[in-house]
Q: 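The structure under discussion is supplied below as structure tokens; questions concerning it will follow.
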Amino acid sequence: MLRFNGELCLESLNSCEHCYCNCWNILDFIERARAQHFVRELDRRRFVVSHGKLRRTLASYLSLPPDKIVFATQSQGKPFVARDRTDTLNFNLSHSDSYLLLGVSSNYEIGVDIEKWTDSIDYEGVLDLCFSESERSFWRDLPTDQRLAFFYRQWVKKEIFVKVIGL
């Protein structure tokens with residue numbers, strides 16, 4: 001039985017060529033195929049490194065080689081480690097720009113999210129689509145210099161909630 005409660009890891013996705021190659025070598029066929037679909041090389045490298053680091057972290061908890069971990073997905077697409085053992089290992093991965101956030105828990109479903117703050121988002125569009133009327137009203141009443149912090153705090157909470165419940 002696993003005997004830990006949980007862990008959060010924040011790591012850089014910047015990597016040397018050696019690290020990138022090591023990560024590539026432990027990915028499975030599906031992850032490699034997904035990586036090949038990225039148009040930008042930088043996005044492909046970050047995907048490979050994030051999934052390599054995910055595999056290494058999970059391997060340390062499962063006492064398995066990283067390349068032997070098999071993933072499956074729930075009906076809504078949330079990944080999990082597929083294995084015959086009865087104990088559970090919950091995890092969630094998020095990456096934004098050059099950072100990765102990974103959460104692991106033995107006892108609870110977990111969701112994590114990380115977002116790079118940027119001015120290129122259509123805040124009003126996202127607010128109209130994903131925020132309640134009271135949240136939108138509160139946001140519009142805030143001083144302009146406080147809006148970004150409120151937006152990202154609320155957005156990250158919403159993302160985490162959706163990830164925890166597997167949607």
Side-chain angles (χ1 to χ4, degrees), residues 4-16 19-20 23-24 27 30-31 34-61 69 71-81 88-167:
F4 72 100
N5 290 325
E7 173 182 11
L8 286 175
C9 303
L10 176 67
E11 294 191 33
S12 172
L13 290 174
N14 296 326
S15 67
C16 65
C19 177
Y20 172 78
C23 288
W24 177 266
L27 299 185
I30 294 169
E31 289 166 312
R34 286 180 60 198
Q36 293 299 331
H37 282 90
F38 285 95
V39 174
R40 292 182 26 197
E41 177 65 21
L42 180 60
D43 295 332
R44 180 179 11 265
R45 291 182 71 87
R46 287 177 175 168
F47 176 89
V48 168
V49 171
S50 69
H51 284 254
K53 288 184 175 191
L54 169 65
R55 284 179 166 278
R56 284 199 184 102
T57 300
L58 295 178
S60 69
Y61 291 110
I69 295 173
F71 294 105
T73 55
Q74 296 173 351
S75 61
Q76 296 293 327
K78 185 176 183 178
F80 64 93
V81 176
T88 59
L89 181 67
N90 302 297
F91 68 92
N92 198 238
L93 173 70
S94 180
H95 44 83
S96 183
D97 195 40
S98 62
Y99 286 94
L100 151 81
L101 181 62
L102 171 62
V104 182
S105 173
S106 62
N107 298 328
Y108 306 101
E109 290 293 333
I110 188 167
V112 298
D113 191 49
I114 184 172
E115 298 290 340
K116 178 183 178 184
W117 289 24
T118 176
D119 290 331
S120 64
I121 291 178
D122 174 12
Y123 295 104
E124 290 287 342
V126 174
L127 285 161
D128 288 342
L129 185 63
C130 302
F131 285 62
S132 70
E133 180 55 44
S134 62
E135 290 170 323
R136 291 191 301 268
S137 177
F138 184 82
W139 185 79
R140 290 180 183 114
D141 290 343
L142 282 172
T144 305
D145 65 336
Q146 295 177 23
R147 287 182 176 179
L148 276 180
F150 172 79
F151 175 87
Y152 281 104
R153 271 195 314 272
Q154 294 304 107
W155 179 251
V156 166
K157 288 176 188 176
K158 289 174 183 291
E159 287 281 322
I160 290 168
F161 175 75
V162 167
K163 289 179 171 191
V164 167
I165 62 173
L167 297 175

Q: Which residue pairs pass the salt bridge (Lys or Arg N to Asp or Glu O under 4.0 Å) test with at least one member in residues 98-108, sequence neighbours excluded?
A: none
Q: Determine the minimum heavy-atom distance between Arg136 and Leu127, stating which atoms define it.
A: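 Distance-wise, the nearest heavy atoms are CD-O, 3.3 Å.
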Q: For the pair Asp97 and Glu115, evaluate side chain to side chain contact (heavy atoms under 4.5 Å, CB included) and give the outcome as yes or no after the intermediate values.
A: CA-CA 8 Å; Asp97 195 40; Glu115 298 290 340; over 6 Å; no
Q: Hey, what do you get for CG (Asn92) to CG (Asp113), rounding to the nearest 0.5 Å?
A: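 Atom-to-atom, Asn92:CG and Asp113:CG are 8.5 Å apart.
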Q: What about Phe91 and Phe71, are their ring centers closer than 6.0 Å?
A: yes
Q: Within a radius of less than 6.0 Å around CZ of Phe161, do more than 12 heavy atoms belonging to other residues, nucleotides or ligands occur?
A: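 Counting neighbours around CZ of Phe161, 12 or fewer heavy atoms of other residues, nucleotides or ligands fall under 6.0 Å, so no.
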Q: Quick one: closest heavy-atom pair of Val48 and Ala35, and the distance?
A: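 Smallest interatomic distance, heavy atoms only, reads CG2-CB, 3.7 Å.
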Q: Fit a plane to each ring of Tyr123 and Phe151, take the angle between them on a 0 to 90° scale, and name the class: parallel (under 30°), tilted (30 to 60°) or perpendicular (over 60°).
A: perpendicular
Q: For a quick test of reading the model, state the closest non-hydrogen atom pair linking Val49 to Ser15 and the distance between them.
A: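 Minimum heavy-atom separation between Val49 and Ser15: CG2-OG, 3.3 Å.
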Q: Please answer whether the main-chain N or O of Val112 pairs with a side-chain N or O of Lys163 as donor and acceptor at a distance below 3.5 Å.
A: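 Checking the backbone N and O of Val112 against the side chain of Lys163, a donor-acceptor pair under 3.5 Å is found.
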Q: Ignoring hydrogens and geometry beyond distance, is a side-chain donor-acceptor pair present between Ser105 and Asn90 at under 3.5 Å?
A: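 No donor-acceptor contact under 3.5 Å links the two side chains.
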Q: Looking at side-chain heavy atoms only, is the closest gap between Leu93 and Leu100 below 4.5 Å?
A: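 A side-chain contact under 4.5 Å exists here.
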Q: Take atom OH in Tyr20; do more than 12 heavy atoms of anything else shown fall under 6.0 Å from it?
A: yes
Q: Look up atom CZ in Phe47 and atom CG in Leu42, then write down how far apart they are to the nearest 0.5 Å.
A: 14.0 Å
Q: Among pairs that include at least one residue of residues 49-58, which meet side-chain hydrogen bond (donor to acceptor under 3.5 Å, both in side chains), considering only residues two or more places apart or in two chains?
A: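 Of all non-adjacent pairs touching residues 49-58, those that pass side-chain hydrogen bond (donor to acceptor under 3.5 Å, both in side chains) are Glu11-Lys53, Asp28-Arg55, Glu31-His51, Glu31-Arg55.
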Q: State, to 0.1 Å, how close Ser98 and Asn14 come at their nearest heavy-atom pair, and which atoms those are.
A: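 For Ser98 versus Asn14, the nearest heavy atoms are CB-OD1, 3.8 Å.
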Q: If we only count heavy atoms from C-beta on, is the Asp119 to Leu148 side-chain gap below 4.5 Å?
A: yes
Q: Quick one: CD1 on Ile165 to NZ on Lys78, what's the gap to the nearest 0.5 Å?
A: 9.0 Å
Q: Please test Tyr152 against Thr118 for side chain to side chain contact (heavy atoms under 4.5 Å, CB included), starting from the C-alpha separation and ending with a verdict.
A: CA-CA 10 Å; Tyr152 281 104; Thr118 176; 3.7 Å; yes
Q: Would you say Arg44's side chain and Phe38's backbone share a donor-acceptor pair under 3.5 angstrom?
A: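 Such a contact is found between Arg44 side chain and Phe38 backbone.
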Q: Starting at CD of Glu124, measure out to CG of Leu129 and round the result to the nearest 0.5 Å.
A: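 Interatomic distance, Glu124 CD to Leu129 CG, rounded to 0.5 Å: 12.5 Å.
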Q: Could you name each residue pair satisfying salt bridge (Lys or Arg N to Asp or Glu O under 4.0 Å) that touches residues 143-160, not counting sequence neighbours?
A: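 Salt bridge (Lys or Arg N to Asp or Glu O under 4.0 Å) check on residues 143-160 returns Glu135-Lys158.
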Q: Quick one: pull up NE2 in His95 and CG in Asp43 and give me the separation to the nearest 0.5 Å.
A: 9.5 Å
Q: Less than 4.5 Å apart, any side-chain heavy atom of Leu89 and any of Val104?
A: yes
Q: State the CZ-CH2 distance between Phe131 and Trp139, to the nearest 0.5 angstrom.
A: 9.5 Å
Q: Does CD1 belonging to Ile30 count more than 12 external heavy atoms closer than 6.0 Å?
A: no
